[in-house]
Every structure is written in structure tokens, then in C-alpha cells.
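Presented below is the structure to which this report refers.
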Amino acid sequence: MDKNTFTGLFLILIILAGSMYFMKPSEQEIKREKFVQDSLALIKTGKPVPRKSSPTASAPLKTAAIDSNVLKGPFGAAHTGSDQKVTLENEHLKVIIGSKGGRIESVELKEHKTYDKKPVLLFTEDQSSFGLSFNAGGSSVTTNNLYFTPSASNLNVAKSDSGSVTMRLSYSPTQFVDYVYSLKGESYKVDLNIVTTGLQSVLQAGQHMNLNWAATLMQKEKDIKSERDERYSGVYFNTGDNVVGNIGSAKDEQKDLGEEGKIHWISFKQHFFSSVLIAKNGVDKAKISVKNSTESGVVKSYSTTLELPAITQENATIPLEFFFGPNKFSILNAQGYDIERQINYGWGPLKWINRYVVLPVFNFLENFGWSYGLIILALTILLKVVLSPLTYKSYLSMAKMRVLKPEMEEIKAKVGEDNPTLLQQEYMKLYKKAGVNPLGGCIPMVLQMPIIMAFFFFFPNLFELRHQSFLWMSDLSTYDSIVSFPTIPLIGINHISLMCLLMTISTLIYTYYNNQISGATGQMKYIGYITPIIFFGVLNSYPSGLNYYYFLANMLTFAQQFLIKQFVNDEKIHSQIQENKKKPTADKKSKFQQRMEDYMRQKQMPAKEEVKPAVKTSKKK
């Protein structure tokens with residue numbers, strides 16, 4: 001054996017030995033294999049396969065011991081019992097009410113699914129709490145953990161299209177609290193009347209009962225980061241003169257309500273669904289809080305405490321309502337109490353544009369039964385047609401500035417760049433003679449900006465786009481990722497959205513084409529290319545429906561400018577400008593021209609004051 005053969009065999013030996021060492025089965029795998037083989041052998045003999053006994057299953061369930069003094073205290077008998085379930089159900093909701101706490105333990109929206117095709121449960125038994133807290137007989141009472149008794153006459157309403165159930169918490173045979181729940185067909189509301197009988201003698205005089213409600217909301221959409229965003233999730237409330245506010249920023253937050261007026265409702269809102277507690281008669285005081293979470297699958301935790309009116313009568317009723325449903329404008333608007341105002345349609349004039357212009361047009365287009373991709377296309381076309389006069393004026397103004405550019409270059413070479421004030425004065429004289437407004441291209445674009453920005457709020461909050469597909473986009477309400485990767489530090493991007501990428505490319509092409517029309521140079525030329533790239537980082541996680549609209553807007557703008565170009569000729573514009581120069585200029589100046597000249601004059605004054613002393617000194621010498 002030569003040296004190479006020996007070396008090769010030695011390496012093969014090392015590889016075989018290493019493979020046997022690293023690939024040998026673990027003890028757990030050996031035991032599992034032995035158990036499988038033994039089981040197969042027993043099956044062949046016809047004997048039953050033995051099973052391991054579970055220590056938790058065989059051990060008896062331990063119940064917490066209850067102090068005898070507690071059983072003798074107020075509502076003592078209610079500390080023990082069994083949790084009976086009653087289901088109220090219609091075409092929209094499946095509501096499970098438990099006798100422990102007498103509360104709604106879970107709510108399912110039957111017509112909707114989560115992003116991973118699971119039922120939409122607004123909350124479950126272990127994710128929520130609900131109950132009264134007060135002092136009775138010198139002791140503090142919290143009903144959340146006490147056992148109520150379901151009304152026997154109403155137990156047959158389980159799983160019906162509509163019905164009601166009464167949960168009773170007894171202090172004595174003649175003193176008790178009733179929770180009366182009722183659900184009607186085709187309704188997203190569950191009525192809750194809290195009825196007290198004979199408790200005015202149990203409670204301290206003038207004492208207010210507090211109603212405590214808390215829930216932890218779980219992820220239901222594809223992008224939990226977006227679901228946690230303060231623009232979409234938080235505690236919303238209605239106080240005073242129908243003033244709707246909210247809390248729920250990036251930090252944990254709490255707020256006392258009541259100074260602005262009666263509180264009419266409090267909503268635990270996440271992106272596309274809400275649980276709303278409505279006080280029909282209003283309450284004077286309330287506390288709300290939001291706790292943010294980084295736990296997997298958890299959006300946020302909400303809680304509220306409402307101060308209910310003092311019980312002063314033998315029989316008292318506190319009328320409440322729950323709304324459980326989607327954050328769809330038409331559905332929320334039908335509930336009353338201005339609940340639809342918790343949808344964030346933007347600030348200032350943007351929300352009025354969305355609510356009274358864009359939304360009605362969108363609803364009108366829905367009546368044709370088109371897919372939502374085609375509806376967005378039709379909406380974009382209508383918008384471009386309405387704004388076409390402004391687009392034409394903007395294009396014409398940029399064309400005039402492009403035609404004037406050679407003359408402006410001559411002025412610049414003649415005056416020089418060292419005297420920008422004089423240069424601007426000469427430019428203004430040229431604009432005046434040529435009859436050109438240098439801001440003519442900007443003003444139409446500025447007028448369009450509110451509408452463009454309004455869509456930035458409209459599409460992300462549009463429930464109708466949820467789980468609606470178009471082309472390769474499986475869900476227009478979230479991003480359409482084609483590539484996913486670990487999150488890039490600082491930037492925070494972990495995917496690439498195809499529609500956002502197409503929108504960015506079309507914007508860059510539009511910027512290049514627009515620079516050719518306007519003749520932009522210098523920094524303005526390159527800023528136009530940097531901005532789309534910045535917006536790509538911002539819009540990459542936004543709904544594909546929004547990026548689809550911006551992409552369509554770019555494409556239709558190309559088409560508009562192509563058509564306008566057929567009717568706008570640079571030679572005709574140049575000849576028209578020359579004709580304007582021959583006309584005598586009017587003494588009357590526009591406000592813009594007057595302001596510009598005043599500004600230029602002020603800029604020149606300091607320069608003249610600096611020159612005068614130097615001249616006097618030379619004369620003395």
C-alpha cells in the first residue's frame with residue numbers, strides 16, 4: 001500500500017467511526033423502539049397492550065378548602081357549586097354563559113375565521129373576567145368567583161336562534177342579584193339587565209357597586225405587529241357630547257373617565273373586531289387600562305371598572321348591552337351610540353373625506369357584485385377622472401417651466417450664482433413677462449394630497465377587504481409576502497411584499513418620467529428617487545389593497561400624462577410665451593408676486609447698509 005491509499009483508507013475509517021458515534025440512537029429512542037416491538041409481539045399473540053398510568057389522571061382532584069367563616073358570611077353558600085353552561089346562539093353569535101360568576105365566558109363570531117382558518121373567539125373563559133364588587137355585611141364581595149343559579153325555566157333556550165337566561169346570586173330567599181341575558185335573532189347585541197332585589201338593606205347607605213370587566217385579546221390576523229398598533233387596537237370610549245377617545249399606545253396606559261360627562265360605552269377593540277359594553281343610562285365614573293404584551297399570540301390586555309348607581313330601592317334595574325362583532329362601518333353605525341367612530345379614518349379633514357366621500361362611493365361600487373380588486377380599480381379610475389383638471393394644469397405648468405429653462409439658464413449665466421436675491425428677481429421678471437406661475441405645478445399636487453393621504457387610513461381599516469383575494473394576493477387586508485427572512489435590525493423588515501415592490505418600481509419610473517417633463521435638476525432630482533425607497537420600508541407591512549391602489553394610481557397617471565402630451569406641444573407653448581412677452585405688462589401684481597418682491601427687497605437692504613460705511617471711510621482718507 002502506498003502512502004495515498006493508506007491515507008484514504010484511514011479517512012474512511014474515521015468517517016465510519018464518527019458516523020456510528022454521532023448517529024447512534026438515544027436511550028429514549030431505544031426505549032421507544034423496544035416498546036413498539038413488544039407491542040407488535042403482544043398484538044400477534046392476541047393480548048392487550050399495557051398502557052402507562054398517568055399520575056395526574058389517577059390522582060384524585062384536589063379542591064381548595066374553603067374557610068367555614070367564609071361560608072357563614074355574605075353570599076356564603078355561593079362559594080361552592082358546579083359551573084353549568086348555557087348557550088345562546090343566533091346566526092351571528094355563539095355565546096356561552098357560565099354559572100360561575102354568572103358571566104359570559106366566551107363569544108364566537110360564527111361567520112368569520114382567523115388568518116389560520118380557526119373560529120374567531122373574541123375571548124374565552126380563562127381570558128376574561130366579569131363581575132360586581134361591593135361591601136355587604138362588613139365584608140368585601142366579588143361576584144366573579146361566586147356560583148350563580150341558572151333559572152330553570154330558561155334552561156331550554158340553549159342553542160336556540162334567540163332566547164334569554166337568568167343567572168341568580170342569592171343572599172337570602174328574598175334578597176338576590178339577577179343577571180338577565182337575552183339574545184335576539186340577527187343581532188350582534190346581547191342585552192344584560194342587572195336586577196337587584198332587597199339589597200338596599202344589605203349594602204351600606206349610598207354605596208356604589210363597581211362593575212369590573214377584563215379581557216385578553218388573542219391574535220386573529222396574519223400580522224400581530226399591525227394588530228398591536230395603537231391605530232387599530234385599544235380601549236375606546238364615548239363621553240360627554242358624544243366625544244370618542246381612546247388609550248392604547250406602545251406603553252401600558254390607564255385613564256379615569258367622568259370629568260367630561262357620562263360614559264355611554266367602553267370598547268375593547270382590536271384591528272377588525274370589538275367587544276363593547278354599553279351603559280344605556282350612562283355612568284358617571286369609570287377607569288380603563290391597557291396592558292401591552294410581547295407574549296406570542298397575545299395582542300393586548302384590557303380592563304375597565306364602571307361605578308354603577310347606588311341601590312336605594314327595593315327593586316332596581318341597571319340596563320346594559322354587549323356588542324360583539326366586526327369593525328365594519330355599516331354594522332357599527334347600525335348599533336347607535338356613535339360606536340362607528342372608533343374606526344380610525346384619519347385626523348382633521350381626512351376622516352370627513354373618507355366617511356362622506358370615499359366610503360359612500362365604495363359602498364355604491366359594492367352593489368355591482370364585483371371582486372374587491374375590481375372595485376379598487378374602479379374607485380381609482382373615478383378619482384383620477386375627478387382630479388384630471390388638476391392633473392392637466394400641473395402638467396401644463398411643468399411644460400411651461402421646461403420651455404423657459406433655456407432662458408433661465410441664460411439669466412443665471414449673466415447674473416451669476418453669487419447673488420441669489422438678484423437672480424430670483426430676474427426670474428420673477430421673466431415669469432411675469434411670460435405669464436407663467438412658478439407654483440402652478442405644485443398647487444394642483446398639494447390639492448390632491450388630502451385625498452391621497454385619506455386612502456392611507458381608509459384601506460387599512462376597511463373590514464370588507466379582510467380575507468378577500470385578488471390575483472396572487474390571498475388577503476387584501478394584509479401584506480402579500482413573496483420572500484420571508486429573519487428580521488433585519490434597526491429596519492425591522494422580515495419580508496418583501498410583492499405589490500409594495502411593484503408600487504415602488506412604478507413610483508421610481510414615474511419620478512424619472514416626471515423629471516423629464518419638469519426638467520428638474522440638482523437635489524430635487526435625486527430627492528424624488530430617495531422618497532419612494534423610504535416609503536417602501538414604511539408600506540411594506542401595510543395591506544396589499546393599499547399598495548395596489550397606489551400602484552394603479554401611478555399607472556393611470558402615466559396614461560393621463562401620455563394623453564395630455566398628445567394635446568400639449570412645446571413649440572406652441574414657446575410661441576405663446578413669446579406672444580405674452582410682447583404684451584405690455586400690467587401694473588397690477590398678484591399677491592404672490594408682491595410678496596416675493598417684498599421679500600427680495602428686504603434681503604437687499606442689509607447688503608446696502610453694509611456697503612455705505614465702507615464708502616464714507618474711503619472719502620475721509
Side-chain angles (χ1 to χ4, degrees), residues 69-81 97-104 128-151 153-154 164-182 189-214 237-239 256-266 276-288 303-322 337:
N69 292 326
V70 173
L71 295 175
K72 296 177 182 178
F75 301 98
H79 284 85
T80 60
I97 303 170
S99 60
K100 185 178 182 180
R103 64 188 179 91
I104 296 176
S128 64
S129 64
F130 180 87
L132 299 172
S133 61
F134 51 89
N135 290 322
S139 300
S140 177
V141 177
T142 302
T143 65
N144 187 63
N145 294 317
L146 300 181
Y147 289 90
F148 287 61
T149 303
S151 176
S153 61
N154 288 322
S164 63
V165 63
T166 299
M167 293 287 178
R168 175 165 293 182
L169 179 66
S170 296
Y171 183 82
S172 71
T174 58
Q175 296 169 304
F176 46 82
V177 178
D178 284 342
Y179 290 173
V180 183
Y181 295 96
S182 60
K189 283 183 177 179
V190 178
D191 286 335
L192 168 59
N193 288 317
I194 299 178
V195 182
T196 63
T197 302
L199 289 187
Q200 80 282 358
S201 60
V202 176
L203 303 176
Q204 296 177 3
Q207 179 191 171
H208 293 271
M209 292 195 299
N210 290 328
L211 178 61
N212 307 301
W213 180 37
F237 53 87
N238 183 320
T239 61
D256 291 335
L257 304 178
E259 294 181 0
E260 301 88 351
K262 281 186 175 292
I263 300 101
H264 301 291
W265 54 261
I266 292 174
V276 186
L277 176 58
I278 302 169
K280 293 183 178 180
N281 296 334
V283 295
D284 294 325
K285 293 181 180 180
K287 294 180 179 179
I288 55 176
S303 66
T304 182
T305 299
L306 283 71
E307 185 180 273
L308 302 180
I311 305 300
T312 58
Q313 302 175 356
E314 174 72 19
N315 297 296
T317 300
I318 302 170
L320 305 172
E321 279 182 328
F322 281 105
Y337 303 100

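The first residue in the sequence is number 1, and the count goes up from there.
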Apply side chain to side chain contact (heavy atoms under 4.5 Å, CB included) to residues Thr239 and His264 and explain how you reach the verdict. CA-CA 6 Å; Thr239 61; His264 301 291; over 6 Å; no
Tell me, with the steps shown, if Asn144 and Ser129 meet side-chain hydrogen bond (donor to acceptor under 3.5 Å, both in side chains). CA-CA 7 Å; Asn144 187 63; Ser129 64; 4.8 Å; no
With the side chain counted from C-beta on, respond yes when [X] and [Y] share a heavy-atom pair under 4.5 Å apart, and no when they do not.
X	Y	answer
Glu260	Phe237	no
Ile194	Val177	yes
Thr166	Phe148	no

Is it true that, when you exclude Lys287 itself, more than 12 heavy atoms of the residues, nucleotides or ligands shown sit nearer than 6.0 Å to its NZ? no
Got more than 12 heavy atoms from elsewhere within 6.0 Å of NZ, Lys189? yes
Under 3.5 Å, is there a donor-acceptor pair between the side chain of Tyr181 and the main chain of Gly102? yes
Which distance, rounded to the nearest 0.5 Å, do you find between the [atom1] of [X] and the [atom2] of [Y]?
X	Y	atom1	atom2	answer
Ser182	Asn193	OG	CG	7.0 Å
Leu257	Glu307	CG	CD	12.0 Å
Lys285	Thr305	NZ	OG1	13.5 Å
Leu320	Asn281	CG	CG	9.0 Å

Verdict with supporting geometry, Thr197 and Arg168, side chain to side chain contact (heavy atoms under 4.5 Å, CB included): CA-CA 11 Å; Thr197 302; Arg168 175 165 293 182; over 6 Å; no
Have a look at Thr196 and tell me which of Leu169, Ile311, Asp178 forms a side chain to side chain contact (heavy atoms under 4.5 Å, CB included) with it. Ile311
Could you check Gln200 against Gln313 for side-chain hydrogen bond (donor to acceptor under 3.5 Å, both in side chains), going step by step and ending with a plain yes or no? CA-CA 6 Å; Gln200 80 282 358; Gln313 302 175 356; over 6 Å; no
Given side chain to side chain contact (heavy atoms under 4.5 Å, CB included), test Ile104 with Leu192 step by step and report yes or no. CA-CA 10 Å; Ile104 296 176; Leu192 168 59; over 6 Å; no
